[in-house]
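Have a look at the structure below, then the notes.
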There are 2 protein chains.
Amino acid sequence: MEEKCPIESTLSLINGKWKQMILKELSQGPVRYGQLGARISSVSSKVLTQQLREMEHDGLIRRKVFPEVPPRVEYSLTEMGASIFTVFKELRRWGLEEDAMHRGKCSFCGQCQPLFQGERQGDGR
Amino acid sequence: MEEKCPIESTLSLINGKWKQMILKELSQGPVRYGQLGARISSVSSKVLTQQLREMEHDGLIRRKVFPEVPPRVEYSLTEMGASIFTVFKELRRWGLEEDAMHRGKCSFCGQCQPLFQGERQGDGR
DNA sequence: CTGTATCCTAGCCGATACTG
DNA sequence: CAGTATCGGCTAGGATACAG
């Protein structure tokens with residue numbers, strides 16, 4: 001197991017092109033694999049599976065298989081996964097406050113508004 | 001210019017293998033290029049320069065050239081660079097609180113203690 | 001001393017095809 | 001439906017040599 005400092009360790013958990021978006025999608029309740037792929041349209045199934053596996057391994061999300069035909073798999077946040085939104089909140093707060101060049105919006109922040117209620121210092125775009 | 005959301009934008013500023021460590025070194029005052037290379041011993045001059053240039057471009061650090069022989073160049077934090085430590089603090093706080101696997105220490109966190117005074121929920125190793 | 005210039009490798013990610 | 005398997009590109013970063 002890699003021995004990292006807390007900062008690097010935390011960063012490594014959210015390092016992955018689609019992880020924030022996955023976390024966001026799961027934040028509103030369990031989602032099936034296919035649904036995830038549909039909502040994050042430009043991710044390939046290979047990479048999606050890859051990132052899901054990593055996040056599951058890291059304890060951020062949970063994978064539940066239903067023994068049915070056709071197969072059903074639901075992903076959901078763990079407590080730990082839910083708690084990392086405090087980190088996103090700080091990253092976002094600092095970004096809005098200090099960084100000049102984020103006039104853009106991304107699929108995450110365009111809709112992350114509801115995740116950060118009570119914070120009203122910008123509208124995410 | 002890339003249009004990113006605040007979260008991604010903030011992450012991109014500290015994405016770089018040596019940036020946190022550079023920031024840490026500069027946090028105690030201006031440091032010369034050679035000194036940086038010496039303190040961060042396993043970074044090559046190419047990469048060190050590269051990351052310094054990016055951080056300068058991003059507004060995190062300042063580069064001051066002294067017109068002397070032999071040449072002297074000092075790097076220091078900008079206000080913005082100094083302010084990003086609040087982000088590190090949150091990343092560290094969450095890591096210590098939530099993530100189980102960071103018994104290790106790294107050169108950053110082994111010495112980041114003094115940077116986070118007033119926070120006493122772990123000793124960084 | 002403070003960098004550039006080259007070359008090279010590992011890892012992430014995408015596209016496409018295929019499977020239980 | 002929920003994935004694997006395979007191939008292939010791109011880029012961050014390392015090693016080494018050289019330059020002003």
Side-chain angles (χ1 to χ4, degrees), chain A residues 1-2 4 7-9 11-23 25-26 30-58 60-76 106-108, chain B residues 1-2 4 8-23 25-26 30-58 60-76 106-108:
Chain A
M1 190 75 51
E2 284 259 336
K4 289 179 181 175
I7 294 175
E8 286 168 353
S9 161
L11 282 174
S12 75
L13 297 191
I14 55 181
N15 238 341
K17 186 164 179 182
W18 305 103
K19 288 187 181 174
Q20 289 141 254
M21 216 168 297
I22 292 169
L23 256 5
E25 293 301 335
L26 299 188
V31 184
R32 297 178 61 170
Y33 178 83
Q35 261 312 303
L36 273 177
R39 294 190 193 168
I40 310 176
S41 49
S42 50
V43 66
S44 74
S45 60
K46 192 200 81 170
V47 174
L48 179 56
T49 302
Q50 213 171 69
Q51 311 234 332
L52 287 169
R53 290 288 191 280
E54 284 176 21
M55 295 169 82
E56 185 191 8
H57 174 264
D58 291 336
L60 292 174
I61 66 177
R62 193 175 290 114
R63 179 172 179 269
K64 182 166 185 186
V65 182
F66 296 83
E68 306 173 359
V69 182
R72 178 157 66 114
V73 178
E74 271 185 9
Y75 292 92
S76 57
C106 75
S107 55
F108 188 91
Chain B
M1 188 76 49
E2 285 259 337
K4 289 180 180 175
E8 286 168 352
S9 161
T10 302
L11 281 174
S12 75
L13 297 191
I14 56 180
N15 238 341
K17 187 163 178 184
W18 306 104
K19 287 187 180 173
Q20 291 140 253
M21 215 169 298
I22 292 168
L23 256 6
E25 293 301 334
L26 298 189
V31 184
R32 298 179 60 170
Y33 177 83
Q35 261 312 302
L36 273 177
R39 294 189 193 169
I40 309 177
S41 48
S42 51
V43 66
S44 73
S45 61
K46 191 200 82 169
V47 175
L48 179 56
T49 301
Q50 213 170 69
Q51 310 235 331
L52 287 169
R53 290 288 190 280
E54 284 176 22
M55 297 169 81
E56 185 191 8
H57 174 263
D58 290 336
L60 292 174
I61 65 176
R62 193 174 292 114
R63 179 171 179 269
K64 182 167 186 187
V65 183
F66 295 83
E68 307 174 358
V69 182
R72 179 157 65 115
V73 177
E74 272 186 6
Y75 292 92
S76 56
C106 75
S107 55
F108 188 91

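None of the values given here were measured: they were computed from a predicted structure. In the text below, chain A, chain B and the rest are named by the order of the sequence lines, each starting its count at 1. Note: hydrogens, waters and symmetry copies are ignored here, and every other heavy atom, side chains too, is used.
Within the 4.0 Å cut-off from OP1 or OP2 of dC1(D), not a single side-chain nitrogen or oxygen of R32(A) is found.
Backbone-only engagement by Y75(A) is indicated by non-hydrogen atom pairs under 4.0 Å involving sugar-phosphate atoms exclusively.
For the atom pair Y33(B) OH and Q35(B) CD, the distance stands at 13.0 Å (nearest 0.5 Å). A distance of 8.5 Å separates OG1 in T49(A) from CZ in R63(A), rounded to the nearest 0.5 Å. Atom CG in L23(B) sits 6.0 Å away from atom CG in L60(B) (nearest 0.5 Å). Rounding to the nearest 0.5 Å gives a distance of 4.5 Å between CD1 of I61(A) and CG of L52(A).
The two residues Q51(A) and W18(A) make their nearest non-hydrogen contact at OE1-N, 3.2 Å. Residues V43(A) and L48(A) share a closest heavy-atom pair of CG2-N, 3.8 Å. Contact between R32(B) and P71(B) at its shortest, heavy atoms only, is NH2-O, 3.5 Å.
In this structure, the helix from dC1(C)-dG20(D) to dG20(C)-dC1(D) shows an angle of 40° between the axis at its start and the axis at its end, each fitted on 5 base pairs and rounded to 10°.
With salt bridges taken as basic N to acidic carboxylate O contacts below 4.0 Å, one links E54(B) and K19(B). Salt-bridge annotation for E25(A) and R39(A): present, with a side-chain N of the basic residue lying under 4.0 Å from a carboxylate O of the acidic one.
With a cutoff of under 4.0 Å to any heavy atom of chain A, the contacted region of DNA chain C is bounded 5' to 3' by dC13(C) to dG20(C).
In this structure, L11(B) and N15(A) have side chains that are not in contact, with every pair of non-hydrogen atoms separated by 4.5 Å or more.
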Taking protein heavy atoms under 4.0 Å as touching, what does nucleotides 4-20 of chain D look like 5' to 3' if B marks base contact, S marks sugar-phosphate-only contact and - marks none?
-> BBB------BBB----B

